[in-house]
Amino acid sequence: MEERTQLDRRLCRRALELPVVQNKQRFFVYCSYQSEVATGELIDQLLVMGKTVCVPLSDPTTATMQAVLLTCPHTELVSGYKGIPEPAPVLVPERIHPPEQIEVAFIPGSVFDHQGYRLGYGGGYYDRFLALVAPQVLRIGLAYSFQVVARIPRLAHDVPMDLLVTENEVFSWSRNTGADPGNLLPEKR
């Protein structure tokens with residue numbers, strides 16, 4: 001467990017060092033579940049930096065998600081759909097955030113490949129959200145190095161990432177996002 005905590009911290013630091021994270025204001029961050037990279041520290045640090053942070057609220061009846069503003073994750077998150085942390089019902093609908101205003105989304109996965117595709121838990125919530133609700137966002141996957149493989153099976157509706165951050169490296173792929181690729185990655189040291 002201590003090793004995983006250390007990996008999570010390294011991943012968080014690496015993600016926070018990205019120029020695109022430094023330069024953008026509005027973020028959508030998943031709340032970690034099972035084998036996913038823990039995002040608690042990332043959410044906390046983004047809030048400390050004065051960033052706007054939204055997290056997903058799932059609707060299993062429609063297999064969709066909404067973005068809900070968070071200000072204090074330690075008191076505003078409760079166990080939601082499938083036990084995944086979600087915003088407390090009392091926060092909704094006053095804190096629903098317009099998805100078109102989100103600039104960067106941190107996306108979970110159980111496995112990612114070298115082309116930027118991911119496998120989640122099979123519900124398609126994130127793919128639908130990214131493709132139909134917030135296609136403008138810069139998509140950043142978070143994964144441990146051992147969760148990155150050469151290639152995974154994909155379907156026509158699967159949405160690739162723009163960046164993938166692991167504890168050891170950052171992968172980048174070209175997509176017409178309007179972002180300067182040179183401004184996405186940290187400088188080589």
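Just so it is clear, the structure is predicted and the values come from calculations on it, not from any experiment.
Under a 3.5 Å cut-off, the side chain of E17 and the backbone N or O of Q22 do not form any donor-acceptor pair. Side-chain atoms of K24 never come within 3.5 Å of backbone atoms of P19 as a donor-acceptor pair (strictly under, hydrogens ignored). Without hydrogens or angle criteria, S110 side chain to L119 main chain gives a donor-acceptor distance under 3.5 Å. A distance-only check finds a donor-acceptor pair linking the side chain of D158 to the backbone of L155 [under 3.5 Å]. Side-chain atoms of Q147 come within 3.5 Å of backbone atoms of S35 as a donor-acceptor pair (strictly under, hydrogens ignored). One N or O on the side chain of D162 and one on the backbone of R139 form a donor-acceptor pair closer than 3.5 Å.
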- Report the C-alpha separation of T5 and R9 in whole Å, then their side-chain angles, then the decisive distance to 0.1 Å, and conclude whether the side-chain contact (heavy atoms from CB on, under 4.5 Å) test is met. CA-CA 6 Å; T5 301; R9 286 189 179 130; 3.8 Å; yes
- Message: Pair D127, R118 - check salt bridge (charged side-chain N to carboxylate O under 4.0 Å, His left out), show working.
- Response: CA-CA 10 Å; D127 288 322; R118 58 179 273 283; 3.7 Å; yes
- Mind running side-chain contact (heavy atoms from CB on, under 4.5 Å) on Y30 and I84 for me, showing each step along the way? CA-CA 10 Å; Y30 72 91; I84 301 169; over 6 Å; no
- Task: For the pair R13 and Q45, evaluate side-chain contact (heavy atoms from CB on, under 4.5 Å) and give the outcome as yes or no after the intermediate values.
- Result: CA-CA 9 Å; R13 276 194 310 272; Q45 291 302 312; over 6 Å; no
- Message: Walk me through whether D113 and R154 qualify under salt bridge (charged side-chain N to carboxylate O under 4.0 Å, His left out).
- Response: CA-CA 10 Å; D113 73 13; R154 64 183 70 123; 2.9 Å; yes
- Item | Step-by-step side-chain contact (heavy atoms from CB on, under 4.5 Å) determination, L163 to W173 | CA-CA 6 Å; L163 298 171; W173 299 277; 5.6 Å; no
Show me the donor-acceptor pairs, under 3.5 Å and distance only, between side chains in residues 100-108 and residues at least two apart or in other chains.
residue : atom : partner : partner atom : Å
E103    : OE1  : Q25     : N            : 2.7
E103    : OE1  : R26     : N            : 2.8

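Looking only at side-chain heavy atoms (C-beta outward), S32 and V37 stay at 4.5 Å or farther from each other. Side-chain contact between E76 and T71 is present, with at least one heavy-atom pair separated by less than 4.5 Å. Taking the side chain as every heavy atom from C-beta outward, T39 and D8 never approach each other to under 4.5 Å. Residues T52 and H97 form a side-chain contact, since some pair of their non-hydrogen atoms from C-beta on lies under 4.5 Å apart. At least one side-chain heavy atom of P87 sits under 4.5 Å from a side-chain heavy atom of L57. Using a 4.5 Å heavy-atom threshold, the side chains of P73 and L70 count as touching. Contact annotation: the side chain of V170 approaches that of R14 to within less than 4.5 Å [non-hydrogen atoms, C-beta and beyond]. With contacts defined as side-chain heavy-atom distances shorter than 4.5 Å, the pair E86/S58 qualifies.
Of all the heavy atoms in A143 and L11, the pair that sits closest is O-CD2, 3.6 Å. Closest heavy-atom contact between L69 and C54: CD2-SG, 3.6 Å.
Here the straight-line distance linking atom CD1 of I43 with atom SG of C72 works out to 11.5 Å at 0.5 Å rounding. Atom CG of residue L142 and atom CD of residue E167 lie 11.0 Å apart, to the nearest 0.5 angstrom. Going from atom OG1 of T64 over to atom CG of L132 covers 10.5 Å, rounded to the nearest 0.5 Å. We find the CE-CZ distance between M65 and R128 to be 9.0 Å, quoted to the nearest 0.5 Å. Atom OH of Y144 sits about 12.0 Å away from atom CZ of R10, to the nearest 0.5 Å.
Using cut-offs of 30° and 60° on the angle between ring planes, the pair Y81 and Y125 is tilted.
Counted within 6.0 Å of CD on E169, heavy atoms from surrounding residues, nucleotides or ligands total more than 12; the atom is thus considered enclosed.
Hydrophobic cluster membership differs between F27 and L91, with clusters built from Ile, Leu, Val, Met, Phe, Trp and Tyr side chains linked at under 4.5 angstrom. One hydrophobic cluster, built from ILVMFWY side chains closer than 4.5 Å, holds both M49 and V165. No single ILVMFWY cluster, assembled from side-chain heavy atoms under 4.5 Å apart, contains both V159 and I152. Y117 and L164 end up in different hydrophobic clusters when Ile, Leu, Val, Met, Phe, Trp and Tyr side chains are linked at under 4.5 Å. Residue I96 is not grouped with residue L130 when hydrophobic side chains (ILVMFWY) are merged at heavy-atom distances under 4.5 angstrom, including chains of intermediate members.
Aromatic ring centres of F28 and F129 lie closer together than 6.0 Å.
With 3.5 Å as the limit, one finds no donor-acceptor pair spanning the side chains of N168 and T166.
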